[in-house]
Amino acid sequence: MEMERHLLNLLHSTLHIKQIKQVHALIVINYPTLTTDFVKSLLRLSIVVYARNVFDKIPHPSQVLYNSLISTYSKLSLKKNALEAFVLMHGSGTRVVGSTVAPVMKSCTSLLAVELAKEIHSLVVKCGFSSDVFVQTPLMDFYAKTCDIESAKKVFDGIFMKDPICYNCLISGYSKSGDVIAARRLFDEMSERTVVSWNSMISCYANNGYYHEGLSIFERMQAEGCSPNEISVTTVLSICAKLRDLETGLRVKKFIDENDFHLNMIVSTALLEMYVKCGAIEDARHEFDCMDRRDVVTWSAMIAGYAQNGKSSEALELFERMKNEPIEPNDVALVSVLSACSQLGSVGAGERIGNYVESRGFIFNVYVASALLDMYSKCGNISKARQIFNKMPHKDVVTWNSLIAGLAANGFAEDAINLYEKMKEIRVIPDDITFVGVLTACTHAGLVELGLEFFRSMKLDYDITPTIEHYACIVDLFCRSGRLKEAYEFICIMEVEPNVVIWGTLLSASRIHSNAKLAELSVKKLLALEPENSGTYVLLSNIYASAGRWQESLRVRNLMKINRVQKTTACSWIEMDNKVHKFLVGDTSHARSNEVYRIVDGLAMQLTTASYNLNSDLEF
DNA sequence: TTAGGGTTAG
C-alpha cells in the first residue's frame with residue numbers, strides 16, 4: 001500500500017513525460033488496480049491527452065472517472081471533448097448524475113449544441129434532477145443564451161429554491177431577446193441582488209439602447225451600497241462612448257483610478273474607446289501609451305479610433321508598429337487600417353495590406369474583404385476592386401454597396417446600375433446606402449428619368465424613407481442636366497430641410513448655367529446656414545460684382561469683416577514613397593517647389609490650348 | 001450568471 005501511494009505521489013512531483021511513462025509501466029505490470037487512480041491523478045494535473053489514452057483502455061470506467069474526465073475537459077475549455085466524453089458515458093449505460101450535467105450543459109451553451117442540449121434536458125427530467133439548482137441554472141442559461149426565452153422561463157419557474165444566479169441568468173436572457181421590460185420586472189422582484197445582478201441590468205439597458213436608464217442603474221447601485229466592479233465600469237464606459245458623454249466618462253475614470261481598476265486591460269481599453277468616441281483622441285493615445293499590457297483589441301481600438309477621427313496617417317503608423325509586437329493583426333485591425341488607406345488614397349500601403357489580407361485568407365471574412373474592395377476602389381484601382389468582389393465567397397449588403405458606389409464614383413455608371421439589378425436578382429435586399437450609390441451612378445450618367453424611377457422604387461418597394469443624401473442626389477441629377485427649375489421646385493417640396501450640400505449643388509449648377517437669380521438665392525440660403533463659411537461670402541460678392549452691382553458687392557465684403565469671417569486655407573497632399581507631401585495656396589516651402597509650379601503652369605497651358613476655360617464656372 | 005475593438009454614402 002505504501003508503495004502504491006508512493007507511486008502516485010511521484011507523479012505529482014514531476015510533469016516529465018519520461019517519468020510518467022515509467023510510473024505507468026510499473027502500474028500496468030505490478031498494480032493494475034491502480035489504473036483508475038492513475039488516470040484521476042493525471043487529470044488533476046491536467047495531463048489530459050495521456051490520461052485519455054489510458055482511460056480508453058479501461059474496459060468499464062466508473063461513473064466517478066467519467067465525471068473527472070468531463071470536468072477536466074470543461075475546466076480546460078476543451079468543450080467538444082467534454083461533449084464527446086458525455087455521449088460516450090451515456091452510451092455506455094453509466095449512470096449520469098447532476099454534477100456531470102452542469103459542465104456538459106455549459107459546453108453545449110458555448111458550442112451552441114442545440115440538439116444535444118435538448119436531449120440532456122429530457123434526460124434531466126427523466127432522471128429527476130429537476131430540483132437541483134446546479135443542473136437547472138446551466139440548463140436555463142442555455143435557453144437564455146440561445147434566445148429561447150420561453151423555455152428559459154419555464155425552467156426558471158420550475159426551480160424551487162431560486163438563488164440570485166437564477167435571476168441573473170434570466171435577466172441576461174431577456175436582455176438578449178430585447179425584452180427590457182421583463183428583465184427590469186425580474187430585477188425589481190429580487191429580494192437580494194449581487195453585483196452581477198446590477199451589472200446584468202446595466203448591460204441589458206446598454207445592449208438595447210437604453211443608455212440613460214443604464215447610467216441611472218449604475219448610480220442607484222452605488223446609492224444602495226453595492227460597490228461597482230471592473231465589469232460595471234466597463235459597461236458604463238461603453239455607454240458613455242455610445243452617448244459621446246465625456247463628462248460622465250471622466251467621472252467613471254476617477255472612480256477607476258480610486259479603485260485601481262485601470263490595471264485591468266479590458267477596463268483600460270473601454271476607457272480608451274470612450275475617449276475615441278468622444279473625439280478625445282489624444283487622451284485615448286495617452287491611455288494607450290500608459291497601458292502595460294495590450295492585446296489585439298486594444299491595438300484595434302486605437303487604430304480604429306485614429307481611422308474614425310480622420311487621423312489616417314496615425315492609424316497606418318500604429319498598424320506598422322503593431323507588426324513589431326507579438327500580436328498578429330486580426331480582422332478588426334485590418335478593417336480599420338484599410339479604411340485609413342481608403343481615406344488617404346494611399347495606394348502603396350493599401351496594396352501591402354491587401355497582399356497580407358489575401359495571403360492570410362482574410363478574403364473569407366466579409367468585413368475585411370469589403371473594406372479591401374472599398375480601399376481599392378477609393379484608390380482608383382476599380383478592376384482590382386471587382387476582382388476582390390468576384391473572389392469573395394460571402395457577400396453582404398455592404399459588399400454590394402461598396403462596389404456599386406465604387407463603380408459610380410469611378411465613372412462606370414452603367415456597371416453600377418447593372419450590379420444593382422444583379423443584386424436584386426439574387427435577392428439581396430438593398431438599403432438606403434445602396435440607393436445613394438445607384439442614384440450617384442444615374443447622376444454621373446445623366447440618367448434623370450431612371451434616377452427618379454429608383455427614387456420612387458426606394459420608397460414604394462423597399463419602404464426606405466429618403467434621407468438628405470438621397471434628396472441631394474436628385475437635386476444633383478436635375479442640376480447636372482441643366483434642369484435647374486425642376487431642381488429648385490424639388491427642393492421646395494422636399495420632406496426634409498435642405499442643407500448646405502443641397503444649396504451648394506444648386507449654386508454650382510447655377511454658376512455653370514449662368515442662372516444669376518438662382519445663384520443669388522442659393523448663396524443667401526447658404527449664408528443663413530453657415531455664416532462662418534468665408535467661401536460663400538466671396539461667391540456672393542463675386543456674383544454682385546459680375547452683375548455690376550458694386551455697392552452690394554462691397555456690402556458683402558464688409559459683412560464678412562463685421563462677422564470676422566476668416567478665409568480658410570485650402571490644402572492638398574499626395575503620398576510618394578511612404579512620405580506625405582502637403583501643399584497650401586501660394587506655398588513655396590516644398591523643396592522642389594520650382595519644379596512643381598513649372599509643371600502646374602505647363603498643365604494650365606495645355607488646358608488652355610485644348611480650349612478649356614479654366615475659370616468658366618467663376619464667371620457670369 | 002455580468003465586461004472592451006470593425007466595413008459601405010455624404
Side-chain angles (χ1 to χ4, degrees), chain A residues 106 109 137-138 140-141 144-145 163-173 175 193-204 206-207 228-239 241 261 264-274 276-277 284 294-305 307-308 329-340 342 365-375 377-378 396-406 408-409 430-440 467-473 476 499-502 504-505:
Chain A
K106 286 178 194 167
T109 306
T137 305
M140 181 185 67
D141 190 49
K145 288 223 169 70
D163 60 7
I165 300 176
C166 302
Y167 279 91
N168 300 342
C169 281
L170 194 58
I171 289 173
S172 305
S175 163
R193 298 187 191 99
T194 65
V195 65
V196 180
S197 318
W198 291 97
N199 291 350
S200 301
M201 199 58 231
I202 297 171
S203 82
C204 172
N207 294 332
N229 64 7
E230 279 103 326
I231 296 181
S232 331
V233 295
T234 304
T235 315
V236 170
L237 282 173
S238 83
I239 292 179
F261 286 167
N264 178 316
M265 186 169 57
I266 300 182
V267 170
S268 289
T269 307
L271 185 59
L272 186 160
E273 176 64 12
M274 185 278 294
V276 161
K277 287 279 151 49
R294 308 176 190 101
D295 67 359
V296 70
V297 178
T298 319
W299 282 88
S300 307
M302 194 65 236
I303 293 171
Q308 288 160 6
N330 67 356
D331 46 355
V332 181
L334 286 167
V335 163
S336 305
V337 79
L338 282 169
S339 156
S342 307
N365 180 306
V366 67
Y367 277 76
V368 179
S370 300
L372 182 64
L373 181 166
D374 179 63
M375 183 277 293
S377 112
K378 293 251 173 63
D396 65 3
V397 65
V398 177
T399 319
W400 289 86
N401 289 353
S402 300
L403 191 59
I404 291 174
D431 63 10
D432 51 336
I433 296 171
T434 318
F435 282 100
V436 176
V438 173
L439 293 173
T440 311
T467 65
I468 192 88
E469 282 77 30
H470 299 106
Y471 286 115
C473 285
D476 200 18
N499 63 4
V500 287
V501 178
I502 305 265
T505 307

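Residue numbers begin at 1 in each chain, while the letters A, B, ... track the order of the sequences.
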>> Within the 4.0 Å heavy-atom criterion, would you say A:T440 contacts the bases, only the backbone, or no part of the nucleic acid?
In response: sugar-phosphate

> Across the strands shown, which category fits A:N365 at heavy-atom distances under 4.0 angstrom: base, sugar-phosphate, nothing?
Replying inline: base

>> Just to be sure I understand the rule, does A:S203 reach a base, reach only the sugar-phosphate, or reach nothing, if contact means heavy atoms closer than 4.0 Å?
In response: sugar-phosphate

> With sequence neighbours excluded, what pairs up with A:Y471 under the ring-ring contact (aromatic ring centres under 6.0 Å, His included) test?
Replying inline: A:F455, A:F490

>> Counting the atoms with a prime plus P, OP1 and OP2 as sugar-phosphate, which does A:V296 contact under 4.0 Å by heavy atoms, base, sugar-phosphate, or nothing?
In response: base

>> For A:D295, give me all partners under side-chain hydrogen bond (donor to acceptor under 3.5 Å, both in side chains), at least two apart in sequence or on another chain.
In response: A:T298

> If you look at every strand shown and take non-hydrogen atoms under 4.0 Å, does A:E469 touch a base, only sugar-phosphate, or nothing?
Replying inline: base

> Contact class for A:D432 (heavy atom, under 4.0 Å): base, sugar-phosphate, or nothing?
Replying inline: nothing

> Got a sec, which residues hit salt bridge (charged side-chain N to carboxylate O under 4.0 Å, His left out) with A:K106, two or more places apart in sequence or on another chain?
Replying inline: none

>> Holding to ring-ring contact (aromatic ring centres under 6.0 Å, His included), I want the full list of residues that pass it with A:F261, two or more places apart in sequence or in another chain.
In response: none

> Which residues satisfy the salt bridge (charged side-chain N to carboxylate O under 4.0 Å, His left out) test with A:R294, sequence neighbours excluded?
Replying inline: none

> So what does A:D431 hit on the nucleic acid, given a heavy-atom distance under 4.0 Å: a base, only sugar-phosphate, or nothing?
Replying inline: nothing

> Contact boundaries of DNA chain B with chain A (under 4.0 Å, heavy atoms), 5' to 3'?
Replying inline: B:dT1 to B:dG10

> Touch check for A:S402, heavy atoms < 4.0 angstrom, all strands: base, sugar-phosphate only, or nothing?
Replying inline: sugar-phosphate

> Knowing that exactly one of A:D431, A:D374, A:D432 qualifies, which makes a side-chain hydrogen bond (donor to acceptor under 3.5 Å, both in side chains) with A:N401?
Replying inline: A:D431

